[in-house]
Amino acid sequence: MISPTPNALRALGLPPSIRACLFDLDGVITQTASLHFAAWKHTFDAILADLGQAAFTSADYAAHVDGRRRYDGVRTFLQSRGISRPEGTPQDPPEADTICGIGNRKNADVQRILAEDGVETFPGTVRYLAAVREAGLATAIVTASANGQAVVESAGLAAEFDARIDGVVAAEHNLPGKPAPDTFLAGAAELGVDPSAAVVIEDAIAGVQAGHAGAFGYVIGVDRLDHAEALAAAGADVVVTDLADLLSDQVGSTLSRPPTGVPGPPADHDEPAANPEEDQ
């Protein structure tokens with residue numbers, strides 16, 4: 001990869017210190033967040049109905065599941081509803097009433113939908129990724145999904161990334177999932193850059209928290225769930241609705257109208273604004 005020029009970084013809406021981009025997958029690159037939400041809802045609603053509790057919502061998804069590793073998501077959401085289940089093991093069948101069994105049930109649903117419908121990407125992200133590669137920045141996928149490799153290949157973008165840290169890799173190396181920063185730190189290490197020279201690009205609150213906790217050079221929140229303020233509160237330096245809005249040739253970019261508490265593009269500030277405290 002070539003070394004990016006200051007002008008190239010400015011055109012990408014990035015600080016001059018950035019040398020690598022760490023992209024989340026679901027909801028940032030691929031339009032699979034809705035797929036995951038549907039699979040989680042199908043799985044959880046059956047459990048909740050048996051207990052007489054209210055159905056799983058998009059707010060539940062954003063707060064407790066999005067961006068987390070599968071079993072972590074099951075555990076965190078059930079705890080939020082006061083529901084206890086035995087842990088089980090990753091080998092549990094999908095019908096098992098355990099944390100792992102519930103997670104495996106959801107994953108079976110995701111794999112079925114992927115096989116039937118395939119994967120769509122966000123055009124703005126694909127455009128931004130192409131500009132990032134042209135500028136000479138290293139790139140990595142950092143995702144909690146165990147289906148990361150299959151999804152990237154299905155999207156036809158595998159060649160655009162220099163490294164991949166997904167749920168499989170995280171499990172092999174015992175890396176805690178988001179909101180812990182470990183998977184993003186592993187991505188930066190794979191690319192040979194210091195975290196301060198890498199930007200984290202995330203649509204999930206837990207992912208933004210991970211980028212903030214890892215002291216990365218910049219954290220971009222992508223608002224896909226109408227939760228821009230929550231992304232800002234979690235530590236995003238800027239929030240956009242489409243990554244292409246970061247490109248300097250965009251007219252009417254949402255970057256020029258950032259949510260309350262989110263700084264504008266790096267070129268507009270002599271010094272980066274301090275991040276809000278991480279919301280635990």
Side-chain angles (χ1 to χ4, degrees), residues 1-32 119-143 148-149 151-166 183-204 207-208 210-211 214 216-224 231 236-251 253-256 258 263-268 272:
M1 306 295 288
I2 61 174
S3 180
T5 66
N7 283 341
L9 290 166
R10 189 175 302 112
L12 291 167
L14 297 175
S17 60
I18 298 299
R19 295 295 178 270
C21 290
L22 307 177
F23 290 82
D24 178 43
L25 181 59
D26 300 314
V28 171
I29 295 172
T30 57
Q31 298 186 40
T32 41
V119 174
E120 291 187 29
T121 57
F122 288 99
T125 298
V126 174
R127 184 181 173 200
Y128 190 76
L129 175 60
V132 162
R133 298 290 287 182
E134 184 178 356
L137 292 166
T139 55
I141 288 284
V142 181
T143 175
Q149 181 175 357
V151 171
V152 173
E153 289 176 353
S154 179
L157 295 173
E160 301 303 317
F161 295 96
D162 305 302
R164 171 179 47 83
I165 305 294
D166 60 13
T183 51
F184 280 120
L185 293 173
E190 281 290 308
L191 298 178
V193 300
D194 188 83
S196 64
V199 56
V200 166
I201 303 174
E202 264 283 358
D203 71 310
V208 167
F216 284 86
Y218 206 55
V219 180
I220 298 170
V222 184
D223 181 18
R224 307 290 195 200
L231 293 172
D237 293 296
V238 70
V239 178
V240 294
T241 58
D242 191 314
L243 277 178
D245 291 344
L246 289 164
L247 300 174
S248 61
D249 62 347
Q250 289 295 291
V251 176
S253 163
T254 58
L255 186 64
S256 66
D268 290 347

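Of all heavy-atom pairs spanning G211 and V219, the tightest one is C-CG2, 3.8 Å. Between L231 and V208 the shortest heavy-atom distance is O-CG1, 3.5 Å. In this structure, C21 and V132 approach most closely via the heavy-atom pair SG-CG1, 3.8 Å. Across all their heavy atoms, G207 and V200 have their closest contact at O-CG1, 4.3 Å.
By the 4.5 Å heavy-atom criterion applied to side chains, L9 and L137 are counted as neighbours.
A donor-acceptor contact closer than 3.5 angstrom links the side chains of D194 and S196. Looking only at atom types and distance, the side chain of R10 has no donor-acceptor partner in the side chain of S248 under 3.5 Å away.
For E190, there are no salt bridge (charged side-chain N to carboxylate O under 4.0 Å, His left out) partners two or more places apart in sequence or in a different chain. The salt bridge (charged side-chain N to carboxylate O under 4.0 Å, His left out) check on R224 picks up nothing, with sequence neighbours excluded.
Summarising the geometry, atom CD1 belonging to I29 is positioned 10.5 Å from atom CZ belonging to F122; distances are rounded to the nearest 0.5 Å. The CG atom of L14 sits 5.0 Å away from atom CD1 of I220, with the distance rounded to the nearest 0.5 Å.
E202 places no side-chain N or O within donor-acceptor distance of the main-chain N or O of G221, the cut-off being under 3.5 Å. Judged purely by atom type and a 3.5 angstrom limit, Y128 uses its side chain to pair as donor or acceptor with the backbone of L12. Checked by atom type and distance alone, the side chain of D162 never pairs as donor or acceptor with a backbone atom of A140 at under 3.5 Å.
Here the options are L22, L25, V28, the test is side-chain contact (heavy atoms from CB on, under 4.5 Å), and the partner is I141; only L25 passes.
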Mind running side-chain contact (heavy atoms from CB on, under 4.5 Å) on R133 and T139 for me, showing each step along the way?
CA-CA 8 Å; R133 298 290 287 182; T139 55; 2.8 Å; yes
